Amino acid sequence: MTDTSWKPDLAVQAGPKYLALVRALRDGVRRGDLAPGVRLPTVRDLAWKLGVTPGTVARAYQIATQEGLLEAAVGRGTFVSTQSRRLGPTEPLYRQPLMDPDDHDGIVDLRSPQLPDVGQTAALARAMAEAAEGIGRQYLEYPGLRRDRYCREAALEWFSGCTMASMIDADDLVLTHGGQNGINIVLQCCLRGDRPVVLCEELAYPGFRHAARLNRAEVVPVALDEEGMIPAALDAACRRHGGQVVCVTPDAQNPTAAQMGPERRRAIVEVARKHDLQIIEDDCYTAPVSGLDSLRALAPERCWHVTSLSKTISAGMRFGIVVAPEGMGEAGRLTAQHSFFGLPRPVTDIVTRLLISGEAMALRHAAQEVMGRRLQMVVQALGDQDISWQPGLSFLWLRLPLGWRGSTFARVAEAEGVLLRSADEYVLQDGHAPNAVRIAMAGGVPEERFQRAIGRLVRILENPPGDIPV
């Protein structure tokens, strides 16, 4: 039955109306005003009663349904859930394909960049052997808050050539289990309140939204153009929704491969200062040094620069670095300590040896060179297609010709043995997915096999589906 008497007072709730309604739904269920199984008013009826738009109610219902607070039944309405609330995340970082490339000969996986072995395995083996020789009392103790300083000092080498290199020291660094863990640590350190707001690019690395949800934050999309996040759109989103953190990829926007120019970077920083936003600068897809100022260099008082070794040396080592804002390194390390005490001593010993010897930087450049050659092959093969790319970057963005949708193209490619990511996998909640796909470089696949996979994609592009569903 419909509970026609339920009418929350949104005036007592702070923030945007849709979030106020979500909080009212939570309170109503907790107090027992909305019993399990009760059917809620329709979107239009509740919007009329509350004096808000139907879109406001629909968004609140959608969020509450994702939380497990409500259940939606097609043709019947929206009900207070009768099931126990599901705990933990409900989806993986990426959607799984219909076939696993490890179980099928001939499958070429272009979903995520695969590192070429340019000497990493041999270098890691040597570093592990050297670390084993130095095992002592320290391996019997917890990592501790300051016992990783030797590794943080070595990690400064990773930023040589960057404009912020002269501005940072070991006290600014927080060591993490890769870039995704780094994003989580920053959000745990910065977010506050019942339902904080995180602002992200409207097409974004899925890890942003998953980390935000894990930290009970609402994710608000911000429009993009050919340079990435639009400052005016960020300003408008802040005025409408508020916000505590903005996630940006200025050097190599994932998935569109856009790069922010100097003026755009300064404009984003200006908006962040205006609305007192903390900035997460994602630099995990490290492109060759551009010479442009990082956001951490432009806004050292509020920018958290996140990077890792995953895209150029080893994804399996799970080693990431966060450059905290000035004076916030200790807070970041305390947050990490509260989460996992600190990185394992074997990991910090191995990575320190790679960094001090200079092997880490040599391997990084060698891997980028291989990926750059693969990228050039793809650019040449795609000819006059509408693509965005950067020299040395390990992926490109393909806007599909008339007749194709991103999800359809990805399915057809998968049937031909090539795995891709469509734009749908990067779009935020309620966002619009363009007809595009991201193609990552498979550095671990033999060059001939890689070229054949790209050839298959070219043939598919030339033969769009002829039937139009009605």
Side-chain angles (χ1 to χ4, degrees), residues 152 156 159 162-176 179-193 196-201 204-205 207-209 211-212 215 217-222 227-253 259-284 292-308 320-336:
R152 284 187 276 124
L156 290 170
F159 302 98
C162 299
T163 56
M164 67 173 172
S166 62
M167 304 171 57
I168 62 175
D169 61 29
D171 289 333
D172 296 317
L173 305 189
V174 182
L175 305 184
T176 66
Q180 179 66 20
N181 179 234
I183 292 168
N184 259 305
I185 292 299
V186 176
L187 293 181
Q188 289 167 9
C189 192
C190 296
L191 296 180
R192 60 196 181 280
V197 172
V198 172
L199 302 125
C200 287
E201 298 144 335
Y205 163 56
F208 282 146
R209 69 173 183 264
N215 288 282
E218 169 72 4
V219 182
V220 173
V222 181
E227 279 194 80
M229 184 176 283
I230 302 171
L234 176 60
D235 182 61
C238 287
R239 285 187 277 107
R240 182 177 180 187
H241 303 283
Q244 295 176 15
V245 175
V246 58
C247 302
V248 193
T249 48
D251 275 340
Q253 205 282 330
Q259 185 178 80
M260 285 187 181
E263 290 185 10
R264 175 63 60 86
R265 294 172 189 241
R266 288 192 289 270
I268 290 292
V269 166
E270 183 180 341
V271 176
R273 284 178 174 145
K274 175 182 176 182
H275 295 282
D276 195 23
L277 297 174
Q278 296 289 300
I279 302 170
I280 294 180
E281 179 180 26
D282 180 7
D283 188 41
C284 289
L292 295 170
D293 283 334
S294 67
L295 299 185
R296 174 58 174 75
L298 295 172
E301 83 286 359
R302 66 182 60 250
C303 183
W304 304 74
H305 182 100
V306 180
T307 189
S308 78
I321 310 167
V322 174
V323 184
E326 292 175 336
M328 289 294 292
E330 186 82 348
R333 288 190 294 277
L334 279 169
T335 304

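None of these values were measured; they are calculated from a predicted model. For reference, positions follow the sequence shown, starting with 1.
With a 4.5 Å cut-off on side-chain heavy atoms, Ile280 and Val245 count as touching. In this structure, the side chains of Pro325 and Gln278 come closer than 4.5 Å at one or more pairs of heavy atoms. Side-chain contact between Gln180 and Phe208 is absent, with no heavy-atom pair separated by less than 4.5 Å. Residues Asp282 and Cys247 fail the side-chain proximity criterion, which asks for heavy atoms closer than 4.5 Å. Residues Leu292 and Pro262 have side chains in contact (heavy-atom distance under 4.5 Å, counting atoms from C-beta outward). Contact annotation: the side chain of Val220 never approaches that of Cys200 to less than 4.5 Å [non-hydrogen atoms, C-beta and beyond]. Contact of the Ile268 side chain with the Met229 side chain is registered, since non-hydrogen atoms from C-beta on lie closer than 4.5 Å. Looking at Leu199 and Leu234, their side chains come closer than 4.5 Å, going by heavy atoms from C-beta outward.
The side-chain contact (heavy atoms from CB on, under 4.5 Å) test with Asp172 singles out one residue from Arg296, Arg152, His305, Met328, and that residue is Arg296. Of the options Thr335, Thr176, Asn215, a side chain to side chain donor-acceptor pair (under 3.5 Å) to Asn184 is made by Asn215 and by none of the others.
Not a single salt bridge (charged side-chain N to carboxylate O under 4.0 Å, His left out) links Glu263 to another residue, sequence neighbours left out. When the salt bridge (charged side-chain N to carboxylate O under 4.0 Å, His left out) test is applied to Asp171, the partners found at least two apart in sequence or on another chain are Arg149. The salt bridge (charged side-chain N to carboxylate O under 4.0 Å, His left out) search around Glu330 returns Arg146, Arg333, not counting sequence neighbours.
The heavy-atom pair separating Met164 from Ala297 by the smallest distance is CB-CB, 4.0 Å. Here the shortest heavy-atom pairing between Pro250 and Arg265 reads O-NH2, 3.5 Å. Contact detail for Gly179 and Val306: the closest heavy-atom pair is O-CG1, 3.7 Å. For Ala272 against Arg302, the heavy-atom pair with the smallest separation is O-NH1, 3.7 Å. Taking both residues in full, the closest heavy atoms of Gly228 and Arg264 are given as O-NH1, 3.5 Å, listed atom of the first, atom of the second, then distance. Scanning both residues, Ile185 and Gly332, for their nearest heavy atoms gives CG2-O, 3.9 Å.
With rounding to the nearest 0.5 angstrom, the SG atom of Cys238 is 4.0 Å from the CG atom of Leu277. Note that OG of Ser294 is 8.0 Å distant from CG of Asp251, once rounded to the nearest 0.5 Å.
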Problem - From CA spacing to verdict: salt bridge (Lys or Arg N to Asp or Glu O under 4.0 Å), Asp235, Lys274 - result: CA-CA 9 Å; Asp235 182 61; Lys274 175 182 176 182; 3.0 Å; yes

Practice task
Given side chain to side chain contact (heavy atoms under 4.5 Å, CB included), test Glu301 with Arg273 step by step and report yes or no.
Solution key: CA-CA 10 Å; Glu301 83 286 359; Arg273 284 178 174 145; 2.8 Å; yes

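Of the N and O atoms on the side chains of Trp304 and Glu281, not one donor lies less than 3.5 Å from an acceptor on the other residue. When only modelled atom types and interatomic distance are considered, Gln253 and Glu201 share a side-chain donor-acceptor pair under 3.5 Å.
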